[in-house]
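Keep in mind that the numbers below use all heavy atoms, side chains included, and drop hydrogens, waters and symmetry copies. Note on naming: letters A, B, ... go to the chains in the order of the sequence lines (proteins, then strands), and numbering restarts at 1 for each one.
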Protein chains: 2
Amino acid sequence: MYRKNVPRKPDPNVRSTLIEVAARLLAEDGPQALSTRRVAADADTSTMAVYTHFGSMSGLVREIVYEGFARLQDYFSQIKETDDPVSDLCVHGRAYRRNALANPHLYAVMFGGESLSGFELSEEDRQHGRYVLASIVGCVGRCVEQGRFRQADPGMVAHHMWFAMHGLVNLELGDYLIEPWGAQECFESQLVTLVVGAGDGLDLATRSVAESAQRLDAELGIRA
Amino acid sequence: MYRKNVPRKPDPNVRSTLIEVAARLLAEDGPQALSTRRVAADADTSTMAVYTHFGSMSGLVREIVYEGFARLQDYFSQIKETDDPVSDLCVHGRAYRRNALANPHLYAVMFGGESLSGFELSEEDRQHGRYVLASIVGCVGRCVEQGRFRQADPGMVAHHMWFAMHGLVNLELGDYLIEPWGAQECFESQLVTLVVGAGDGLDLATRSVAESAQRLDAELGIRA
DNA sequence: GCGAGGTGATAGCACCGTTATGTACCGTAA
DNA sequence: TTACGGTACATAACGGTGCTATCACCTCGC
């Protein structure tokens, strides 16, 4: 009488599979590939699975944002603390940019595309993002303690660092940076400017920035 | 025999009307209101007008981006050149932020939403954006000439300024900034940090930044 | 007057997010 | 063991999207 409906047995992995597939689609085929039908098809299920587990497409995107912050956190956790806190801070900046360039669409969803593209982040989501960034404040605090940076609120200085890194990376991903002010060259001199602005001397700042460049590949292995 | 088609006489203003309506929809109802049917209905025409005059929805959005840069240009052109180039530079920074906060969705389309939301900017569009920003380079050049900033490429220093302003504004629009590091407070101290990082002394920088705040309302009238 | 080209109104396509409906499976309780 | 209730999910449909094909109408050069 009725059609065959043949739902297969409930798959306990379907939730994580959907997130994984969605993140892969975002990375490989861009944001326009993030549709319920495409994700469901690639995960070998139906669109309803998205609504069962995430409530809506926005819910799935929300999980992808968390995945993005987890990858950034992963980079940060690999950075070793040395006796040069300014170098440590610069490595954080380099890791921030490396993560963004390795996951450009993910980064765009995390920061750029909240108002666009129809979906919105909740205050809880943004708080989670801020928490990941909070590890930088410790670095700045040590810079102040050791007299490298002038007396200031470490949280505020960390925000300055964040703004400059985010602005550069965002414009780099938007192809706004061209020669003779390419992204890499801008990045290096921007780091020096920020460190000097925070209170360090020019020579000392230049040395720490240069040192941080060599630490990057040593401490941050290539990750998928 | 055939249907009544009743196209009215070709309206020479329909192109500019579409841009105007689209910009208003973007400002008032957000990006999701930017649909061919909605724009056409509000402009009292059909969706075909969009394709006749702009080729696609992306073409219309492209025009909106130019409108956004025109507004920014408008702010910049109102700034008077004084004998304190650092103050002039800071006023440019303040105007940049004021324009972004006055046209948040427009700003998001200009910089944030290129990869997202399906549409893309051409290299020509981005070049036009860079050209608008180029007026800042002159300011930085005078800072270097007068010995306020250390010897450096003015274009590079202008880029540093741009990155920091764009990063702050972008995160502010994304509601990522909360107390005790609110946007306004971050903005003020960020300006000082940038100016000091470029080479100015702390006292001199603080004074020019404070002076620039008073110039803002005097030189930049409120505009729609 | 008349043909040519441009403008735009209508209808349709494929796709989107989302929802309603119904079926198969599960753990639990009788 | 059997019956039940809740969950997972397959299907189909609804209203929306960008875009295209078709065709009526207007304006312009001749």
Side-chain angles (χ1 to χ4, degrees), chain A residues 1-19 21-22 25-26 29-64 109 113-121, chain B residues 1-22 25-26 29-65 109 113-121:
Chain A
M1 180 76 184
Y2 292 109
R3 301 296 172 77
K4 288 188 292 185
N5 226 346
V6 285
R8 72 204 62 192
K9 66 181 61 179
D11 183 356
N13 299 327
V14 73
R15 179 187 165 89
S16 57
T17 300
L18 282 171
I19 299 176
V21 164
L25 281 178
L26 183 64
D29 293 358
Q32 75 284 2
L34 268 191
S35 72
T36 52
R37 287 167 176 81
R38 179 80 190 275
V39 170
D42 276 34
D44 200 34
T45 179
S46 76
T47 63
M48 270 308 296
V50 172
Y51 295 90
T52 298
H53 293 281
F54 306 101
S56 68
M57 196 59 202
S58 299
L60 178 53
V61 174
R62 220 181 68 105
E63 293 299 322
I64 297 180
V109 175
E114 312 173 27
S115 69
L116 293 153
S117 192
F119 95 102
E120 285 194 1
L121 265 56
Chain B
M1 180 77 182
Y2 293 107
R3 302 295 171 79
K4 288 189 293 186
N5 225 347
V6 284
R8 74 204 63 193
K9 66 181 62 177
D11 183 357
N13 299 327
V14 72
R15 181 188 164 90
S16 56
T17 300
L18 282 172
I19 299 176
E20 182 184 343
V21 164
L25 281 178
L26 182 63
D29 293 358
Q32 75 284 0
L34 269 189
S35 71
T36 53
R37 286 165 176 82
R38 179 79 190 276
V39 170
D42 277 33
D44 200 35
T45 181
S46 76
T47 63
M48 269 309 296
V50 173
Y51 295 90
T52 297
H53 292 281
F54 307 100
S56 68
M57 195 59 203
S58 299
L60 179 52
V61 174
R62 219 182 70 106
E63 292 300 321
I64 297 180
V65 169
V109 175
E114 311 173 28
S115 70
L116 293 154
S117 191
F119 94 102
E120 285 193 2
L121 265 55

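- Side-chain contact between B:H53 and B:L60 is absent, with no heavy-atom pair separated by less than 4.5 Å.
- Distances shown here put a side-chain N or O of B:T45 below 4.0 Å from the OP1 or OP2 atom of C:dA9.
- The distance from the CG atom of B:D42 to the OG1 atom of B:T17 is 11.5 Å, given to the nearest 0.5 Å.
- Here D:dC19 presents its P atom at 12 Å from CZ of B:F119, a figure rounded to the nearest Å.
- Atom CD in B:E20 sits 14.0 Å away from atom CZ in B:R15 (nearest 0.5 Å).
- Atom CZ of A:R38 is separated from atom P of C:dC16 by 9 Å (rounded to the nearest Å).
- Distances shorter than 4.0 Å separate none of the side-chain N or O atoms of B:S46 from OP1 or OP2 on C:dG8.
- Here the CZ atom belonging to A:F54 is positioned 10.5 Å from the CZ atom belonging to A:R62, to the nearest 0.5 angstrom.
- The minimum heavy-atom distance linking B:F119 with B:S58 is given by the pair CB-OG, 3.4 Å.
- A:I19 contributes atom CD1, which lies 4.5 Å from atom CD of A:E63 (distance to the nearest 0.5 angstrom).
- If you check every strand for non-hydrogen atoms under 4.0 Å, A:M57 touches sugar and phosphate atoms only.
- Nearest-nucleotide mapping onto DNA chain C: of A:M48 and A:L34, the residue sitting toward the 5' end is A:L34.
- A:D29 has its CG atom 15 Å from the P atom of C:dC15, to the nearest Å.
- The distance between atom CZ of B:R37 and atom P of C:dG8, rounded to the nearest whole Å, is 18 Å.
- Using a 4.0 Å heavy-atom criterion, one finds that B:S35 contacts the sugar-phosphate atoms exclusively.
- Along DNA chain D, the nucleotide closest to A:T52 and the one closest to B:Y51 are compared, and the more 5′ of them pairs with A:T52.
- Counting non-hydrogen atoms under 4.0 angstrom, B:L60 reaches nothing in the nucleic acid.
- In this structure, CZ of B:R15 is placed 16 Å from P of C:dG6, rounded to the nearest angstrom.
- End-to-end axis angle of the helix from C:dG1-D:dC30 to C:dA30-D:dT1, from C1' rotation axes over five pairs per end: 10° (rounded to 10 degrees).
- The side chain of B:H53 places an N or O atom within less than 4.0 Å of a non-bridging phosphate oxygen (OP1 or OP2) of C:dG8.
- In this structure, CG in A:L26 is found 5.0 Å from CG in A:L34, a value given to the nearest 0.5 Å.
- When rounded to the nearest whole Å, the span between CZ of B:F54 and P of D:dG18 equals 14 Å.
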